[in-house]
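Okay, structure first, notes after.
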Amino acid sequence: MLGQLIPCGGGDSIPLLGRKLLIGRRSSCDIKLDFPNVSSHHCELEHKDGYWYIRDLGSSNGIKVNGERCSDSPLTPGDEISIAKHAFRIEYDVDASAAAAPERESTFARSLMEKAGLEVHRPEKSRMPDASGKQTSRKQSRRVASEDDFIMDWLADE
């Protein structure tokens, strides 16, 4: 056994028996959570380099690690994982040969617009002249296609 998930509200612990585990509502998942707010293939746990990692698989209700929503994160023993609204504490022994604990991305490392996929992070910002002719930086953004865009394209084709 490589560790266990302990339900925070009480109940039987879930043993982590493989190095890569699929968590979801489907019976084909390694860990089946039979709740309507859990996606069919919600997230994945992977044990590598002595540590567990969690990755969201595009679920509707997301995952949180220690109360912060994320798409993927390293896990250290004792971390609280929320899958949809179902909380678990992960317990495992770190391999003695493992490297230093992996770092989590800082909460403020990316803007909310970037986290939402509405802004594209580019290391080099485009340079635009301002009113005085001086070069200034401008973030490049991308707009999410909407139903209005689809309708306008359809009307333009006629």
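We use all heavy atoms of the structure for the numbers below, so side chains are in, but hydrogens, waters and symmetry mates are not.
With contacts defined as side-chain heavy-atom distances shorter than 4.5 Å, the pair Ile54/Ile90 does not qualify. Residues Tyr51 and Leu75 are not in side-chain contact: their nearest non-hydrogen atoms beyond the backbone lie 4.5 Å or more apart. For the pair Leu16/His47, no side-chain contact is recorded, criterion being any heavy-atom separation below 4.5 Å from C-beta on.
From Leu21, atom CG reaches atom SG of Cys43 across 10.0 Å, with rounding to the nearest 0.5 Å. A distance of 12.0 Å separates CD1 in Ile23 from NE2 in His41, rounded to the nearest 0.5 Å.
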Check against side-chain contact (heavy atoms from CB on, under 4.5 Å), Arg69 and Ser82 = CA-CA 9 Å; Arg69 191 165 183 150; Ser82 293; over 6 Å; no
query = Between Lys48 and Arg19, does a side-chain contact (heavy atoms from CB on, under 4.5 Å) hold up when you go through it step by step?
reply = CA-CA 7 Å; Lys48 59 183 178 184; Arg19 292 203 170 274; over 6 Å; no
ask   = After noting the C-alpha distance and the side-chain angles of Glu91 and Ile6, does the key distance pass the side-chain contact (heavy atoms from CB on, under 4.5 Å) rule?
value = CA-CA 8 Å; Glu91 293 295 338; Ile6 301 168; 3.6 Å; yes
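In the hydrophobic cluster analysis, where Ile, Leu, Val, Met, Phe, Trp and Tyr join through side-chain heavy atoms closer than 4.5 angstrom, Leu22 is grouped apart from Val38. Under a hydrophobic clustering in which Ile, Leu, Val, Met, Phe, Trp and Tyr are joined whenever their side-chain heavy atoms come within less than 4.5 Å, directly or via other members, Leu5 and Phe35 fall into the same cluster.
For Asp34, the side chain to side chain contact (heavy atoms under 4.5 Å, CB included) partners two or more places apart in sequence, or in a different chain, are Arg25, Lys32.
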Side-chain polar contacts of residues 56-63 - donor-acceptor pairs under 3.5 angstrom, sequence neighbours left out - could you list them?
| unit_1 | atom_1 | unit_2 | atom_2 | d |
| --- | --- | --- | --- | --- |
| Asp56 | OD1 | Gly58 | N | 3.2 |
| Asp56 | OD1 | Ser59 | N | 3.0 |
| Asp56 | OD1 | Ser59 | OG | 2.8 |
| Asp56 | OD2 | Ser59 | OG | 3.2 |
| Ser59 | OG | His42 | NE2 | 3.3 |
| Ser59 | OG | Gly62 | N | 3.0 |
| Asn61 | ND2 | Asn37 | O | 2.7 |

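Nearest approach of Pro77 to Tyr92, heavy atoms of both residues: CG-O, 3.3 Å. When all heavy atoms are compared, the tightest approach of Gln4 to Ser13 is OE1-OG, 3.0 Å. What you find for Ser73 and Val65 is that their closest heavy atoms are CB-CG2, 4.0 Å. Residues Phe88 and Ile14 share a closest heavy-atom pair of CE2-CD1, 3.8 Å. Nearest heavy-atom pair across Gly18 and Leu2 is O-CD1, 3.5 Å.
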